[in-house]
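Let me begin by presenting the structure, written as C-alpha cells, before commenting on it.
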Amino acid sequence: MSASGYGELASRLLEGSGASVFDEVELERDDGVVLRGVLLPRPQYGDPDVLVLKLPNGYNVGVDSRRVKSIRRVGRAEPRLGSPPPQPPLEKGLPRVHFVGTGGTIASRIDYVSGAVYPHFTAEDIYSMIPELESVALVTAETLFNIFSEDMTPRHWALLAERVAKVFESEGPSGVVVAHGTDTMGYTAAALAFALRRLPGPVVLVGAQRSSDRPSSDSATNVLAAALTAVKAPFAESVVAMHAGLDDTKFYVHRGVRVRKMHTSRRDAFRSVNAVPLAKVELPSRELTVFAREYIPRSREGVVLENGFDERVALLKFYPGMDPEILDFLVDRGYHGVVIEATGLGHVGERLVPSVRRAVEEGVAVVVASQCIWGRVNLNVYRRGVELLKAGAIPVEDMLPETAFVKLSWVLARTRDLREVARLLLTNVAYEIDKRSEEWYYPPLDYFERFLAGGAQ
Amino acid sequence: MSVRVGLEIHQMLDTREKLFCSCPTSLRRDEPHFRFRRWLRLARSELGELDPAALFEYAKGRSYLYESYIDATCLVEMDEEPPHPLNAEALETALIVCMMLNCKVVDEVHVMRKIVIDGSNTTGFQRTALIGFDGYVEVEGKRVPIATVCLEEDAARKIEERGSEVVYRLDRLGIPLVEIATGPTISSPEEAGAVALKIGQLLRATGRVKRGLGTIRQDLNISVEGGARVEVKGVQELELIPKVVELEVQRQRALLEIRDELRRRGVAREQIEAKPVDVTDVFRDTGSRIAKKALAAGGVALAVKLPGFAGLLGRELQPGRRLGTEMADRARYWAEVGGIFHSDELPGYGISEGEVSEVRKLLGCGELDAFVLVFEERRKAERAVEAVVERAREALDGVPPETRAANPDGTTRFMRPMPGKARMYPETDIRPIRVTAELLERVRMLLPEPPEAKYERFVKVYGLSPELAGKVLRSYRLDLFERIVEATGAPPQLVASTLEDTLVELRREGVPVQNITDEHLFALFDLLAKGGMVKEAIPPVLKLLAEKPELSPAEAVKQLGLTPLSPEEAREAVRRILKRMEGVIRERGEAAFGPAMGAVMRELRGRVDGALLSRIVKEELARVAAGG
C-alpha cells in the first residue's frame with residue numbers, strides 16, 4: 001500500500017497515468033461516465049482500490065479503479081487553507097492566560113479542497129476561533145504534546161506538571177489552560193492536583209466532546225469558560241471546565257480529583273462524584289460563581305511542585321469469578337501497588353483474599369475503592385471487608401477509583417513504606433476525600449419523571 | 001424572450017428510521033418535551049469564504065433554541081452522539097430513484113458535511129451524499145437531463161424567531177430526503193410543471209416516499225435571456241410551478257425595461273448615493289400613524305433621493321409587487337425595519353402632500369427623481385437606506401441574482417442573496433459505503449412498475465375509466481390506492497373514486513378530511529369488502545370519521561344507523577314503504593318508479609346497495625301494479 005492509502009490495483013493505475021494524490025484528474029469509467037475532480041488520499045477504511053474523487057460541486061465520490069478505462073492528469077489542486085487573520089488590538093491591561101496543548105484540538109482549519117482538517121494551536125488561531133477571548137485575556141500558547149488522551153502515561157503527567165509549574169514561575173499568568181482529550185482528562189487533572197502543591201492560579205483542563213472543525217463544537221465555549229475560570233477564579237486548584245448541560249450557556253468547574261467522564265459522547269459528560277462542582281461559569285454574562293465552601297486560594301508565594309509518579313501501579317476491576325492469579329501476576333511482575341475497584345462497600349471474592357494478603361506481605365500496596373463510583377467504602381460492615389482489612393488492604397473512603405490510582409502512583413513515588421503509604425493516601429491533599437457524605441452529592445434518580453405526561457418542560 | 005429553468009426537487013422518504021439514527025420519521029404536533037440553547041461558530045479565517053447570507057446570519061450573533069421530544073428525537077439529532085451508519089433502506093430508495101431516472105451510480109458513497117450555519121442543523125452542517133448523476137427523464141417526448149441525485153438529511157423545522165434567537169424543532173431533522181437536480185434546460189412554464197409532475201409521479205411510484213403537504217419541495221432556478229439566474233425556494237404545490245415561472249419571467253422582463261428606462265434617463269451608478277437626509281422635523285405634526293409611533297419611540301425620519309427613479313418605484317413587476325416592494329423586502333432583511341415609503345405611493349398612508357413636497361425640497365428632488373422614507377431608530381434607518389440604495393443601483397443592471405421565496409399566489413419575495421459555493425468536507429464519522437453489484441441487483445428487483453404499465457393495468461385489470469386511472473396515477477394517494485386494493489379486495493373503481501372524488505368533494509364542503517387516516521381508509525374498505533357496509537354509506541361515514549377520528553369505520557356505521565340490510569330485509573322494507581303509496585302506484589303504473597324510488601331511498605339510503613335496491617323496487621312496483 002502506498003502512502004496515499006491506495007491498494008495495489010489503484011496504485012498501479014495511478015502510476016501508469018502519472019497522476020498522484022491532490023492532482024486534478026479526468027477519468028472515464030467502463031460505462032462511459034467521464035468524471036473530473038481532485039484525487040484524494042484513500043481513507044483508512046473501505047476498499048483500498050476505490051479512488052476517491054472530489055467533484056467540482058464539492059461532493060466526494062468513490063470510483064472503482066477496476067472500472068476505470070482511462071485516467072489522465074489535468075492539473076494540480078492548490079490547497080486553500082485560510083491563514084488566521086492578524087490579531088486585532090487587545091484591550092490594555094488584560095490578565096494573561098497561558099494555553100498548553102497536549103493533543104486536544106481547540107481550533108481547526110479545514111482545507112475544503114482536500115477535506116482535511118488541521119488542528120491549530122497558535123494564539124492567533126485560538127483568537128480566530130473564539131473572538132470573545134479578545135476582551136478576556138492576553139493569550140499565549142504552546143504545544144507540549146500532540147497525542148491522543150488515551151496515550152497519556154504517568155510520565156506525561158509529570159512533564160505537564162513540570163511545565164505548568166515553570167510557566168507560573170517564569171511568566172506569571174493569571175491561570176493556565178490545558179487543552180486535553182476528554183477520555184483521560186480526569187486522570188491528568190487528578191495528577192496535576194497532587195503534583196502542584198501550591199500555585200498562584202488555577203490549572204484548568206478543557207476539552208471538546210464534538211470536534212472543533214464543526215460549527216457546533218463545544219470547544220469554543222468550553223475554552224471560553226476555562227479562560228474565564230483562569231482569570232476570575234479565587235481558587236488555585238487543578239480543575240476541569242466543561243458543559244454543565246445541553247445548553248451552550250452554563251459550564252461547571254469540577255475538581256480534578258473529583259471529576260469523572262460519565263458519558264461517551266454528550267457535552268455534559270463530566271460530573272463531580274461524591275461532591276458538587278467547585279464553581280460554575282455562565283455565558284454570555286461571563287459570571288463565575290463559586291459553590292465550594294472551601295478551596296485552596298491563589299498563593300502569593302512561589303510554586304511548590306512535588307512531582308513524580310510511580311508507573312508500576314495497576315487499577316484492577318473485580319468481577320464475579322475473577323481469578324486471583326491476575327493479582328498474583330502483578331505482584332510477581334514487581335508492581336508496587338494495586339487499586340482494586342471492588343464491589344459495593346469494598347468486597348472481592350473469597351479466593352482473592354489470600355492473594356491480597358500475599359501481595360501486602362511482599363510490600364505491594366493494595367488499595368480498595370468501589371466500582372459503585374458513588375459512595376464510600378467501608379470494610380467493617382461485612383465479614384469479607386474485615387478479612388480484607390486483616391489482609392492489609394487500604395480502603396480509601398469516598399475517593400474515586402481513578403483518583404485513588406493516580407494518588408497511589410504519586411504516593412509510591414514518595415515512599416514505599418506501606419504504613420506511610422496508607423497514611424498519605426488517607427490524608428486529604430486536594431479535597432479528594434470528604435469525611436462527610438452530603439445528600440446533594442448524589443444525583444436524584446427521578447429526573448426522568450419530569451418528561452412524563454404533563455410534567456414536560 | 002427565452003427562459004431557462006432548472007428544477008431541484010426534495011422529496012422526503014418514508015423510511016422506518018431516520019438517515020443517521022433510529023428515530024421515527026414523523027412530525028409532531030404536541031408540545032415539545034424539552035429545549036436547549038446553542039450557538040454556532042466558525043473560525044475567523046473561514047468567514048472570508050462564507051456567502052454573504054450566511055455571514056449576515058452569523059454576524060447577528062444568533063442563538064438557537066431547539067425543541068425536542070424524548071420519544072422522537074435522540075442524542076444524534078441533538079448533536080450529542082455521533083451519527084449511526086447510513087440508513088440502508090434510504091440508500092436503497094435513493095438507488096431505486098437513480099435507476100428510474102436513468103442515472104449512473106457512484107461506486108462508493110461518501111457522506112459529506114455541507115456547512116449550514118443558520119441553525120437549522122444542530123451540527124452546523126447538513127449531511128449529504130451524491131448517489132447518482134448523468135441521468136435523464138423523458139417528458140412529452142423530450143429528454144430532460146438529471147444532473148445529480150443526492151441523499152441527504154432534512155433540516156430542523158423553524159418554529160419562530162424571537163429577537164436574536166431562532167426556535168427550531170428537531171422532529172424533522174434527519175428525515176431522509178432525495179434531492180433531484182435537473183439540468184437547466186427546461187424552456188417554458190408548462191414544461192417546468194410537466195417535468196416536476198413527472199418526477200413526482202416517478203417518486204410516488206416507488207411506494208417509498210412520504211405523501212402530503214411539505215413532503216416534497218421544489219426549488220426553481222429561473223433565468224430569462226438578458227436577466228440573471230434567480231433561485232426560487234420552497235414551492236410546495238405542483239400546480240404553482242408554471243405560475244411561478246411565468247410570473248418570474250414577467251418580473252425579470254419588467255426589471256429589464258426599468259433598466260432600459262433608467263439608461264434612457266441617463267442615470268449613473270455614482271448618482272445613487274446612500275446619503276440620507278434627516279427629515280424628522282418635517283413630520284413633527286404628521287398625520288401618519290406609523291411615523292408618529294416611530295418618532296415617539298425616539299426614532300428618526302430619514303429620506304434618500306433616488307435620481308431618475310420617479311414613476312419606476314411604483315411600476316408593477318408582478319401582481320401587487322413593485323420595485324418599491326423589492327426595496328422594502330431588502331430593507332426588512334438587512335435592517336430589520338418594518339417597511340419603507342416611496343414617493344410613487346405618496347401622498348398616502350397619512351403622509352400629506354405638504355410633507356411630501358417639503359421632503360422633495362429638502363432632498364433637492366427634480367421632476368424625474370424619486371425618494372424613499374424610513375421611520376425608525378437611527379441606526380436601523382441608516383442601514384435600511386443603504387439596503388434601498390443598493391437595490392436601486394442593482395436596478396441599473398437589470399435583474400439581481402438572488403434567492404427568492406415563493407408566495408402562495410405564485411409571486412416571489414426576496415429571501416437572501418445568492419448563496420456562495422457550498423463548502424463541503426467529509427463526514428468522517430461515517431464510513432464510505434461500497435455500492436456493490438449485489439446491492440444494485442437487489443435494488444433492480446425492487447424497481448416499481450413504470451407509470452405507463454401501471455396505467456394499462458389500472459384500465460385493463462382494474463377496470464378504471466381512463467380518466468380515473470389518470471387521476472389515480474397523478475395522485476399522491478397512488479400508493480395508498482394500490483395498497484388498499486391489494487389488502488382489502490374492495491372494488492378498485494370504488495376505492496379510486498373514493499380517494500380521488502369523494503374525499504375531494506367532502507373537503508370542498510368543508511369537512512376536515514385531513515383527520516381521516518390511512519388506517520381509517522383501510523378499515524373502511526375492509527368493512528365494505530366483507531359486507532359490513534354498502535358503498536352508498538361511504539360519504540356519510542367518512543364525514544363522521546373526519547369529525548370524530550377516534551371512531552372506527554364500524555363504529556361510525558353503527559352510530560349512523562347504516563348497518564346493511566340483507567336482501568330479504570330490504571325487500572320487506574320496500575314492500576312496507578310501497579304499501580303507503582299504493583294509490584299513486586296503481587294510478588301511474590311504471591311512471592311511479594321515480595317517486596317510489598325517492599321514498600325508498602329516503603329511508604334506506606346507505607343501508608342497501610343502490611343497484612340491488614333499484615331492482616327490488618322495480619320488481620315490487622311491477623307486483624303492486626299487477627295488483628298482487
Side-chain angles (χ1 to χ4, degrees), chain A residues 29 31-33 35 40 43 45-47 50 52 54-55 57-64 67 80-85 107-112 115-117 120 125 127-131 209-211 213-217 220-221 245-249 263-268 448 451 456-457, chain B residues 31-49 58 61 63 66 68-70 75 78-82 104 106-117 121-125 128-130 133-134 147-148 150 421-426 428 431-435:
Chain A
R29 214 165 64 166
D31 57 354
V33 167
L35 288 172
L40 297 181
Y45 30 73
D47 187 339
V50 171
V52 182
K54 187 171 198 71
L55 305 182
N57 62 10
Y59 281 97
N60 290 8
V61 296
V63 184
D64 189 346
R67 293 187 66 187
R80 271 188 307 137
L81 249 195
S83 49
S108 303
R109 278 193 242 147
I110 304 167
D111 171 10
Y112 289 105
V117 176
H120 276 261
D125 280 302
Y127 279 124
S128 156
M129 196 72 197
I130 317 162
Q209 288 283 82
R210 302 265 81 77
S211 60
D213 58 74
R214 55 173 80 201
S216 63
S217 172
T221 44
L246 298 172
D247 297 332
D248 278 339
T249 53
H263 198 278
T264 56
S265 62
R266 286 176 62 125
R267 288 164 167 76
D268 56 356
F448 69 92
F451 295 115
Q457 134 41 46
Chain B
E31 270 295 292
H33 294 159
F34 65 101
R35 301 173 168 85
F36 58 96
R37 183 167 283 123
R38 294 270 171 78
W39 284 300
L40 293 175
R41 65 176 69 220
L42 287 172
R44 208 182 263 146
S45 58
E46 294 188 358
L47 296 180
E49 299 189 5
Y58 185 71
S63 60
Y66 294 107
S68 316
Y69 297 89
I70 290 292
L75 293 188
M78 292 162 68
D79 191 37
E80 290 283 4
E81 182 176 306
K104 307 292 192 329
V106 302
D107 294 326
E108 192 180 52
V109 174
H110 287 250
V111 179
M112 307 298 291
R113 298 169 169 177
K114 189 197 273 181
I115 296 281
V116 177
I117 54 165
N121 291 74
T122 47
T123 50
F125 49 72
T128 172
L130 180 65
F133 46 88
D134 230 357
T148 53
C150 296
K421 211 168 159 243
R423 283 154 337 107
M424 293 206 240
Y425 66 113
T428 43
R431 298 190 166 195
I433 301 142
R434 193 77 162 82
V435 180

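Sequence lines set the chain letters: A, B, ... in the order given, protein chains first and strands last, and positions in each chain run from 1.
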Q) Side chain, backbone, both or neither: which part of A/Leu55 has a heavy atom under 4.5 Å from chain B? A) side chain
Q.
Counting C-beta onward and ignoring hydrogens, is there a side-chain heavy-atom pair between B/Arg41 and A/Thr221 closer than 4.5 Å?
A. yes
Q. Between B/Thr123 and B/Asn121, does any side-chain donor sit less than 3.5 Å from a side-chain acceptor?
A. no
Q: Output the option from B/Val109, B/Asp79, B/Leu40 having the highest count of non-hydrogen pairs under 4.5 Å with chain A.
A: B/Asp79
Q. Between A/Asp268 and A/Gln209, is any pair of side-chain heavy atoms under 4.5 Å apart?
A. no
Q | Among B/Arg37, B/Arg38, B/Lys104, residue most engaged with chain A (heavy-atom pairs, under 4.5 Å) | A | B/Arg38
Q. Which atoms of B/Ser63 come close to chain A, meaning under 4.5 Å heavy atom to heavy atom: side chain ones, backbone ones, both, or neither?
A. neither
Q) What part of A/Arg214 lies closer than 4.5 angstrom to a heavy atom of chain B: side chain, backbone, both or neither? A) both
Q. Should the pair A/Phe451 and B/Phe34 be assigned to parallel (<30°), tilted (30 to 60°) or perpendicular (>60°) ring geometry?
A. perpendicular
**Q.** Salt bridge present between A/Asp64 and A/Arg29 (N-O < 4.0 angstrom)
**A.** no
(Q) Can you confirm whether A/Ser265 sits close enough to A/His263 that some side-chain heavy atom of one is under 4.5 Å from a side-chain heavy atom of the other? (A) yes
(Q) For B/Arg431, which atoms come within 4.5 Å of any heavy atom of chain A: side chain, backbone, both, or neither? (A) both
Q: Sort B/Tyr66 into side chain, backbone, both or neither according to what part of it lies under 4.5 angstrom from a heavy atom of chain A.
A: neither
Q. Looking at A/Thr249, A/Thr264, A/Leu246, which has the largest count of heavy-atom pairs under 4.5 Å with chain B?
A. A/Leu246
Q) Heavy-atom distance under 4.5 Å to chain A: side chain of B/Ile70, backbone, both or neither? A) side chain
Q: For chain B, find which of A/Gly32, A/Ser216, A/Ala220 contributes the most heavy-atom pairs closer than 4.5 angstrom.
A: A/Ser216
Q: Measure the shortest side-chain to side-chain distance between B/Leu130 and B/Met112 over non-hydrogen atoms and say whether it is less than 4.5 angstrom.
A: no
